[in-house]
Amino acid sequence: MPELPDVEGFKRVLAKNALRKTIDRVVVSDARILGKLPVGKFASSLEGAQLVAARRHGKHLMANIDRGQWLTLHFGPAGGLQFVGKPGGEPPFTRVRFDFAGDGSLAYTNRRMIGRVGLAEDAADFIAEEKLGPDALDRRFDFDALKTAVLSLKRDVKSVLMDQQVIAGIGNIYSDEILFQARINPVERVDKLSPAELKRLFTEMRKVLETAVDRRAGSEQFLERLPKGYLLPERKRGGHCPRCGSVLKVLKIGGRTGYCCPRCQQGC
DNA sequence: CGTTATGTTCGATG
DNA sequence: GCATCGAACATAAC
């Protein structure tokens, strides 16, 4: 499920429901989600502690533990984060649960076990180790920074948008929407884009992601919350372009399925 | 039963 | 080193 807009939503869930509450107990129901980190070490780092701040970088969510470390959450294609107010209301596929002293719990879910929960000593170091590029909505990541990051790459623009080392936060779903709004062919080489196209790419990247965050649209269940004229609600085989009505084209790029309008996106 | 999936990584190949 | 492609991970849903 999660790309930047979803993870921003999870950050808000965490910030609203989980900060400055003492963690009574950590329940890991599937240790594989921790990778090589031992369950005991993970649990003892959090039990009795409090989370004091939430931060997002790309598709990663991090929470500062009052003892100094950071809790790191990555969701893969099928993960999520929910607050559970009532005992026993644990959602399906909960892999890690943080129980607060008499004040509900926070459930990390992951249907496919692709994703990671872990600990880091420092947020900035963690971002560097993960080799993440700048967050797509970071204000310091301006048009010039995008140009610099992208112009030396001889790859198709969709793959570049999805490359977390270049820009962090965009996945298969939102790359389709950004390219549709910018009217750019996904298979066009990024270093061959005209200045006008490059400018539209930057503008629409910001606009689409901010719109999705504002409307809490995420990338799975709530796409109908997106404005009229957006591609994503129509993004399926046989779907039609919301601008010109053409049947959408299906393409394979970097092993993923993308959708585009052959008329509005320059013969995609 | 076969196909597909929103993320990431690794190996083979050019 | 750079780029592309396919497979793999694990599992549910259609």
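By convention in this document, chain letters (A, B, ...) are assigned in the order of the sequence lines, proteins followed by strands, and residues within each chain are numbered from 1. Bear in mind that the values here come from a model prediction, so they are computed numbers and not experimental data.
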| query | Can you give one letter per nucleotide of nucleotides 9-14 of chain C, 5' to 3': B if a protein heavy atom sits under 4.0 Å from the base, S if only from the sugar-phosphate, - if neither? | reply | -BBS--

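Going from atom NZ of A:K192 over to atom C1' of C:dA3 covers 14 Å, rounded to whole Å. For the pair A:I33 CD1 and B:dT8 P, the computed distance is 13 Å after rounding to whole Å. A:I253 places its CD1 atom 16 Å from the P atom of C:dA3, with the value rounded to the nearest Å. The NZ atom of A:K252 sits 12 Å away from the P atom of C:dC5 (whole-angstrom rounding). The separation between A:Y174 atom OH and B:dA5 atom C1' is 17 Å, rounded to whole Å. If you take CZ of A:R256 and C1' of C:dA7, they are 12 Å apart, rounded to a whole angstrom. With rounding to whole Å, A:L232 atom CG is found 15 Å from B:dA5 atom C1'. In this structure, NZ of A:K131 is placed 17 Å from C1' of B:dG7, rounded to the nearest angstrom.
Look at A:D176 and A:K158 and you find a salt bridge, because one of the NZ, NE, NH1 or NH2 atoms lies within 4.0 Å of a carboxylate O, short of that distance.
Cysteines A:C268 and A:C261 keep their SG atoms at least 2.5 Å away from one another.
Under a hydrophobic-cluster definition in which Ile, Leu, Val, Met, Phe, Trp and Tyr are linked whenever side-chain heavy atoms come within less than 4.5 Å, directly or via other members, A:M162 and A:L201 are assigned to different clusters.
Put simply, CD1 on A:I65 and CG on A:L71 are 5.5 Å apart, with the number rounded to the nearest 0.5 Å. The CD atom of A:Q181 sits 11.5 Å away from atom CZ of A:R200, with the distance rounded to the nearest 0.5 Å.
If you check residues 150-167 of chain A against DNA chain B, the residues with a heavy atom closer than 4.0 Å are A:Q164, listed by number.
For the OP1/OP2 pair of B:dA5 and a distance below 4.0 Å, the side-chain nitrogens and oxygens of A:T257 include at least one atom meeting the criterion. An OP1 or OP2 oxygen of B:dT8 is reached within less than 4.0 angstrom by a side-chain nitrogen or oxygen of A:K59. Look at A:H74 and you'll find a side-chain N or O under 4.0 angstrom from OP1 or OP2 of B:dT8.
At the heavy-atom level, A:G255 lies nowhere under 4.0 Å from the strands shown.
Here A:F126 is tied into one hydrophobic group with A:M62, A:W70, A:I127, A:L132, each link being a pair of ILVMFWY side chains closer than 4.5 Å.
Heavy atoms from other residues, nucleotides or ligands lying under 6.0 Å from CD of A:E210 number more than 12.
Legend: residues meeting salt bridge (charged side-chain N to carboxylate O under 4.0 Å, His left out) with A:D191, ordered by chain and number and at least two apart, are A:R189. Listed by chain and residue number, A:V28, A:L37, A:V39, A:F42, A:V117 satisfy the side chain to side chain contact (heavy atoms under 4.5 Å, CB included) test with A:L34 (two or more places apart in sequence, or in another chain).
Across all non-hydrogen atoms, the minimal contact from A:R225 to A:R215 is O-CD, 3.0 Å.
Aromatic ring orientation, A:F202 versus A:F141: perpendicular (interplanar angle above 60°, classes split at 30° and 60°).
In secondary-structure terms, DNA chain B builds stems of at least 3 consecutive Watson-Crick or G-U pairs, each pair having both distances under 3.5 Å, at B:2-5 with C:11-14, B:7-14 with C:2-9.
Not less than 6.0 angstrom separates the ring centroid of A:F98 from the ring centroid of A:Y108.
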